[in-house]
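Chain A is the first sequence line, chain B the second, and so forth, proteins listed ahead of strands; every chain is numbered from 1.
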There are 2 protein chains.
Amino acid sequence: MQSRLTIKDIARLSGVGKSTVSRVLNNESGVSARTRERVEAVMQQEGFSPSRSARAMRGQSDKVVAIIVTRLDSLSENLAVQTLLPSLYEQGYDPIMMESQFSPKLVEEHLGVLRRRHIDGVILFGFTGINEKILAPWQSTLVLMARDAKGFASVCYDDEGAIDILMARLYEQGHRQISFLGVPHSDVTTGFRRHQAYLAFCKSHALTPNFVLPGLAMKQGYDHVAEVLTPETTALLCATDTLALGASKYLQEQQNSALQLASVGSTPLMKFLHPEIITVDPGYAEAGRQAARQLIGQITQTRDLQQIVIPGSLQ
Amino acid sequence: MQSRLTIKDIARLSGVGKSTVSRVLNNESGVSARTRERVEAVMQQEGFSPSRSARAMRGQSDKVVAIIVTRLDSLSENLAVQTLLPSLYEQGYDPIMMESQFSPKLVEEHLGVLRRRHIDGVILFGFTGINEKILAPWQSTLVLMARDAKGFASVCYDDEGAIDILMARLYEQGHRQISFLGVPHSDVTTGFRRHQAYLAFCKSHALTPNFVLPGLAMKQGYDHVAEVLTPETTALLCATDTLALGASKYLQEQQNSALQLASVGSTPLMKFLHPEIITVDPGYAEAGRQAARQLIGQITQTRDLQQIVIPGSLQ
DNA sequence: CTGTTAGCGCGTTCAA
DNA sequence: TTGAACGCGCTAACAG
């Protein structure tokens with residue numbers, strides 16, 4: 001480009017020394033108001049912006065963080081990232097994006113790239129199968145999303161709370177035969193915790209549980225929903241909106257519109273295609289905000305590792 | 001972090017001068033095989049990786065590019081980005097992501113940030129309303145996606161071709177009353193071009209056009225599809241998969257399953273929810289690859305501005 | 001072929 | 001309050 005001005009140029013143009021310009025740049029004290037003003041005017045006028053690489057070299061941080069999502073087209077992660085990005089930019093951090101595709105191996109490769117790149121921090125959307133040993137070197141500069149792990153900062157959704165809210169709502173509407181479509185326990189949060197919460201509610205309200213845990217994919221919801229439908233079933237709770245979408249498709253095909261559906265995850269697509277489904281927003285937006293805050297806090301050493309849980313809300 | 005080794009250290013450890021290390025690092029000629037091996041061994045062993053900021057300062061490029069998508073949850077853009085990212089990483093470029101939300105103002109702000117950041121290049125997913133004057137400073141380091149503009153490199157989809165393929169298919173299936181659900185002409189590619197191609201096909205095959213151009217949103221497809229349905233209509237062509245999704249929902253609600261739908265855009269979601277819809281894949285993946293190639297080519301001065309058109313393919 | 005020297009743009013002493 | 005000098009890690013120009 002042409003942006004070849006340096007602090008030296010600014011110094012010359014405003015008739016001061018380079019260090020004074022540096023001081024103004026960093027809002028350091030010890031510069032007379034008059035001088036400061038003059039320098040700032042010149043900088044403004046020349047459209048000066050300091051070289052990132054040069055500052056990075058002197059200091060340590062080049063203010064770049066990475067966001068590793070499982071999939072770019074994950075509806076829920078998108079909602080979190082959507083607030084994450086502005087939050088990071090606000091603080092002068094540039095987020096670079098990577099996709100893990102649910103592959104621990106890819107995560108490892110990505111982290112390798114990031115290490116060589118001397119990145120400042122990582123926000124990692126968790127999934128089943130990640131080896132925590134790989135994450136160990138990042139303990140102090142990593143925020144885990146949608147998952148928690150000992151010794152790591154994390155931002156999680158309130159899995160139990162979300163299920164509770166939905167079950168309570170269904171119960172309140174009079175439903176007593178509520179089936180559950182979920183995810184295997186190998187997935188601790190979306191799988192195990194949500195299922196447990198379902199079972200707990202059933203137990204405390206004397207309901208008979210009826211569930212199946214096929215997996216995360218839409219097609220799995222479609223393929224397996226029939227297994228939990230009895231003639232008495234009046235409601236179906238889905239662990240994720242993706243599963244709900246799959247189940248809905250099946251029910252539509254079966255002309256079954258009597259069943260009340262409910263699911264965790266309140267994405268725009270969901271709300272448009274199936275407004276009749278009762279949903280809980282796990283707080284994706286808030287999760288993004290918190291994650292940014294947490295990560296930057298860690299990087300700047302002003303915040304210790306926290307395990308944050310975002311409360312969900314009925315939509 | 002701990003990765004505090006510098007080329008000086010490597011030089012000392014392998015008993016050579018720093019410039020030799022530098023030469024090895026950059027694969028420059030003029031280093032004896034033996035020396036090179038020795039240095040490489042030490043680097044390997046110590047897990048050395050050069051400081052990006054330092055190299056960036058010496059050279060010019062810090063090998064960071066930006067990708068500005070309209071929305072993180074755009075299904076089509078996601079598919080392009082999904083191949084874009086690996087292509088960029090492969091060449092050692094780090095992509096930072098931004099979201100324009102279809103707001104020209106936001107694009108302008110983002111470009112401002114990027115200018116101050118001395119970014120190497122930008123991949124911008126185009127939309128209606130972007131002021132080309134704002135883009136002017138980026139002419140040589142910008143690749144426009146899904147849109148073309150004089151003096152800018154671009155990667156476009158073959159709008160006319162895609163519509164042609166779909167229309168030909170429908171025609172071949174015997175359909176003679178084909179309605180069109182599209183986007184206003186203010187959108188040059190998705191709007192104007194696709195509509196024109198529809199009209200052209202109708203004309204050349206003596207079909208009576210019947211269309212409405214509400215917009216890009218799913219809800220607009222839902223709300224306006226009824227306007228182009230006559231008792232004689234046997235097929236409906238949608239300019240985008242999003243519109244098709246909206247239209248499908250309406251048709252489902254009306255219990256109308258006789259109508260054959262077709263649309264541009266073959267996203268996984270679409271294929272799952274409505275496999276019965278005939279689709280053309282505009283070549284999102286290929287577009288991502290090409291865009292990366294084009295941008296890096298421009299940055300490294302080995303490629304001049306090109307307007308690339310990706311051919312679509314019936315799915 | 002290889003080591004030495006001189007900066008790149010900036011922050012950080014240290015005198016003035 | 002300010003400026004001059006030094007060095008960050010690296011590449012480039014110049015010796016040897």
Self-check item: Any B/Thr35 side-chain N or O less than 4.0 Å from OP1/OP2 of C/dC1
Solution: no
Self-check item: Under 3.5 Å donor-acceptor, A/Asp158 side chain and A/Ile310 backbone
Solution: no
Exercise. Round to a whole Å and report the spacing from CD of A/Glu37 to C1' of D/dT1.
Key: 16 Å
Quiz item: Does the pair B/Arg147/B/Asp187 count as a salt bridge with the N-to-O cut at 4.0 Å?
Solution: yes
Exercise. Starting at atom NE2 of B/His118, determine the distance to atom C1' of C/dC8, rounded to an integer number of angstrom.
Key: 13 Å
Quiz item: Nearest heavy-atom pair of A/Pro95 and A/Leu85: which atoms, and what distance?
Solution: CG-CD2, 3.5 Å
Quiz item: Would you find a donor on one side and an acceptor on the other, under 3.5 Å apart, between the side chain of A/Ser14 and the backbone of A/Ile10?
Solution: yes
Practice problem: Compare side-chain N and O positions of A/Ser32 against OP1 and OP2 of D/dT2 and report whether any pair is under 4.0 Å apart. | Solution: yes
Quiz item: What string of B, S and - do you get for nucleotides 9-16 of chain C 5' to 3' if you count protein non-hydrogen atoms under 4.0 Å?
Solution: BBBBBB--
Quiz item: Can you say whether the rings of A/Phe127 and A/Phe102 are parallel (under 30°), tilted (30 to 60°) or perpendicular (over 60°)?
Solution: perpendicular
Quiz item: Do B/Asn26 side-chain atoms and B/Arg23 backbone N/O form a donor-acceptor pair below 3.5 Å?
Solution: no
Quiz item: Can you tell me if the side-chain N/O atoms of A/Thr20 get under 4.0 Å from OP1 or OP2 in D/dT2?
Solution: no
Quiz item: Over how many whole Å does the gap from B/Ile10 atom CD1 to C/dT2 atom P extend?
Solution: 17 Å
